[in-house]
2 protein chains.
Amino acid sequence: MRGARLRKKSNQNTKDYHHGNLRDALLKETLKLLKKKNPTELSLRDLARRIGVSHGAPYRHFPSLNALLAALAEEGFHIFADFLSLNRSEQQQSEPLPRFRQMAFEFVRFSLQFPIHFRLMFTQVVVDHEEFEDLKQAGETAFRILADSVGNLQAQGILRVHDPIVTSVFIWSSLHGFCSLLLDQRLGFLDIDENKVDTIIEAFYQNMMDGLAVVK
Amino acid sequence: MRGARLRKKSNQNTKDYHHGNLRDALLKETLKLLKKKNPTELSLRDLARRIGVSHGAPYRHFPSLNALLAALAEEGFHIFADFLSLNRSEQQQSEPLPRFRQMAFEFVRFSLQFPIHFRLMFTQVVVDHEEFEDLKQAGETAFRILADSVGNLQAQGILRVHDPIVTSVFIWSSLHGFCSLLLDQRLGFLDIDENKVDTIIEAFYQNMMDGLAVVK
DNA sequence: CTTTTCATGTTGATATTGTCTACATAAGGA
DNA sequence: TCCTTATGTAGACAATATCAACATGAAAAG
C-alpha cells in the first residue's frame with residue numbers, strides 16, 4: 001500500500017493481463033461515479049467491471065470500498081491544504097489580514113471546486129477517520145494551517161485574543177458548516193446562483209469578523 | 001405509509017403472526033444499533049432477524065433502509081424544532097436576547113442528547129433529502145424557527161441588520177459545523193470533557209456576537 | 001353473526017455483492 | 001536464466017436487496 005505509489009512507470013500500452021495503473025483508474029472511476037451516485041450506491045465489483053478487470057483485482061490496491069474512499073478523502077485534504085496556503089491563488093495578498101480573508105474565501109472555493117472530495121473529507125459516516133491514520137493526519141495538517149494563521153493574527157493584535165485553537169474551531173466550523181449546507185443544497189430555498197455565492201461568502205466573512213451584536 | 005402512523009392500538013399481547021408494532025420496533029432497533037455501527041453496516045435483514053420477524057416484513061413499512069433512516073432523521077428534526085423553540089428547557093428566558101442565547105445553547109444541547117438523529121439529519125450522503133419530501137419540510141421548518149427569531153431581533157435593533165436569512169445561515173452553519181466536528185470527534189485533540197464543552201459553546205456564542213476583529 | 005377486504009407477515013427464488021483461496025502472468029533483480 | 005513478488009484471474013460461499021406468491025387475522029361491511 002505504501003510502495004504502490006511509486007509503482008510502475010505506467011506502461012501505457014496496456015498489455016492484456018496487467019492493467020498497469022489500476023489504483024489510479026479506480027480512484028478516477030470512483031470520482032466519476034460519485035458525481036451521480038452516493039457512496040452507498042457504489043460497489044467494488046461494479047468498479048472493476050467498468051474498468052474491465054476481474055472482481056478480485058481491486059483488492060490488490062484497497063482492502064475495502066471504504067479504504068478507497070479514504071484515499072480520495074486524503075487526497076482531498078492535501079489539495080485543501082494547498083488552497084488554505086493560498087498556493088492555488090493566482091495572486092496572493094501580502095498583508096496579514098487580507099491574507100486571512102483570502103484564506104476564508106479559498107476555503108469555500110475549494111468546496112465548490114472539489115465538492116466530491118469535500119463531502120468525503122467531512123463525512124464521518126462514510127469514512128471512519130479513526131480507522132485511517134494517514135487520513136486523520138492529513139486533516140489535522142490542514143487544520144493547523146488555519147490555526148497557525150489565527151495564532152499569528154492574534155499575536156499581532158489583529159484578531160481578538162482568545163485561545164487560538166478555539167477561535168480556529170469557530171472559523172473552521174462556520175466555513176465547514178456553510179460549505180456543507182451549500183453542497184448538500186440544504187440552502188436550496190435561497191436560490192443561490194454563481195454571483196450570489198460570492199455575496200454570501202462576503203456577508204459570512206463580515207459576520208465572522210464584526211459579529212452579530214450591535215453593541216459590544 | 002401514511003396510514004401506518006395511526007395504525008393499530010398496539011395489541012400488546014403480541015400474537016404469533018403479526019408483530020403489532022413493527023414500524024416502531026424497526027426504528028428503535030435501528031437507533032440502538034447505530035450507537036455502535038455506521039449506517040452503512042446495517043441491513044434490513046439483520047434488523048428483521050433481531051426483532052424476530054421474517055426478512056420480508058420490514059418492506060411493509062419501509063421500501064428501503066434509506067427510507068427508514070429518513071424517518072429517523074425526520075423524527076429528529078421534529079425534536080430539534082422543539083429544542084429551538086425552547087420547549088425542552090426547564091426555564092425559558094423571557095427577554096429577546098437571552099432567549100436567542102438560549103436557542104444557540106439548545107442547538108448544541110440537542111446534538112449532544114440526540115447525536116444519532118443529528119448525524120442522520122445532517123448527512124446528505126446517507127439520506128438524500130431530496131428524495132423524501134416530508135424530511136425536507138421538517139428541516140426547513142426547524143430552520144425557520146431560527147430565521148424568524150433572527151428577523152425579530154434585527155427588527156428590534158438588537159442584532160445588526162442584514163438579510164435575516166443570510167444571517168441565519170451564518171448562525172446555523174456555525175453551530176451545525178461545530179456540532180458536527182464535536183460529534184465526529186474531529187476535535188479529539190482538544191481533549192474535550194463535559195465542563196469544557198460549555199466553556200467552548202460560550203466562547204462560540206461570544207465569537208458569533210462580537211466577531212473576531214479587534215476594530216469594527 | 002357472517003363475509004369480505006386489506007394491511008401485515010411469511011416463504012421462496014434470483015441477482016448482486018463482499019470476501020477468501022488457489023492459481024496465472026509478467027516484470028525486475030539475483 | 002531463474003526466482004521472487006506484485007498484480008490480476010477464476011471459482012466458491014455466505015449474506016443481502018428485492019420481488020412475487022401466499023398466509024393470517026383484524027376490522028369493516030353486509
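Here is the naming used below: chain letters follow the sequence lines, and residue numbers restart at 1 for every chain.
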Check: H55(A) side chain, dG11(D) base, donor-acceptor under 3.5 Å: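 Yes.
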Hey, is the side chain of [X] poking within less than 4.0 Å of OP1 or OP2 on [N], counting only N and O atoms?
{"X": "S54(B)", "N": "dG9(C)", "answer": "no"}
{"X": "Y59(B)", "N": "dC19(D)", "answer": "no"}
{"X": "R23(B)", "N": "dT8(C)", "answer": "no"}

Sugar-phosphate, base or nothing in reach of L44(A), heavy atoms under 4.0 Å: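 Since only primed, P, OP1 and OP2 atoms lie under 4.0 Å of L44(A), the category is sugar-phosphate.
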What integer distance in Å separates [X]:[atom1] from [N]:[atom2]?
{"X": "D46(B)", "N": "dT16(D)", "atom1": "CG", "atom2": "P", "value": "6 Å"}
{"X": "L47(A)", "N": "dT17(C)", "atom1": "CG", "atom2": "C1'", "value": "12 Å"}
{"X": "L68(B)", "N": "dT18(D)", "atom1": "CG", "atom2": "P", "value": "13 Å"}
{"X": "R45(B)", "N": "dT17(C)", "atom1": "CZ", "atom2": "C1'", "value": "13 Å"}

Stepwise ring pair (Phe, Tyr, Trp, His ring centres under 6.0 Å) test for F100(A) and F105(A): CA-CA 9 Å; F100(A) 176 71; F105(A) 275 70; over 10 Å; no
Minimum-distance nucleotide to A57(B) side chain [options: dT7(D), dT16(D), dG9(C)]: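 Among dT7(D), dT16(D), dG9(C), the one nearest the side chain of A57(B) is dG9(C).
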Out of dG9(C), dT7(D), dT16(D), whichever nucleotide has its closest atom nearest the side chain of R60(B):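 Within the option list, the nearest is dG9(C).
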Main-chain N/O of Q92(A) paired with S89(A) side-chain donor or acceptor, under 3.5 Å: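 Here the side-chain-to-backbone pair does not exist.
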N/O donor-acceptor pair under 3.5 Å between R99(B) side chain and Q93(B) backbone: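 Yes, the answer is positive, given that a donor and an acceptor are paired below the 3.5 Å cut-off.
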side-chain contact (heavy atoms from CB on, under 4.5 Å) evaluation trace for V169(B) with F143(B): CA-CA 9 Å; V169(B) 168; F143(B) 178 81; 3.9 Å; yes
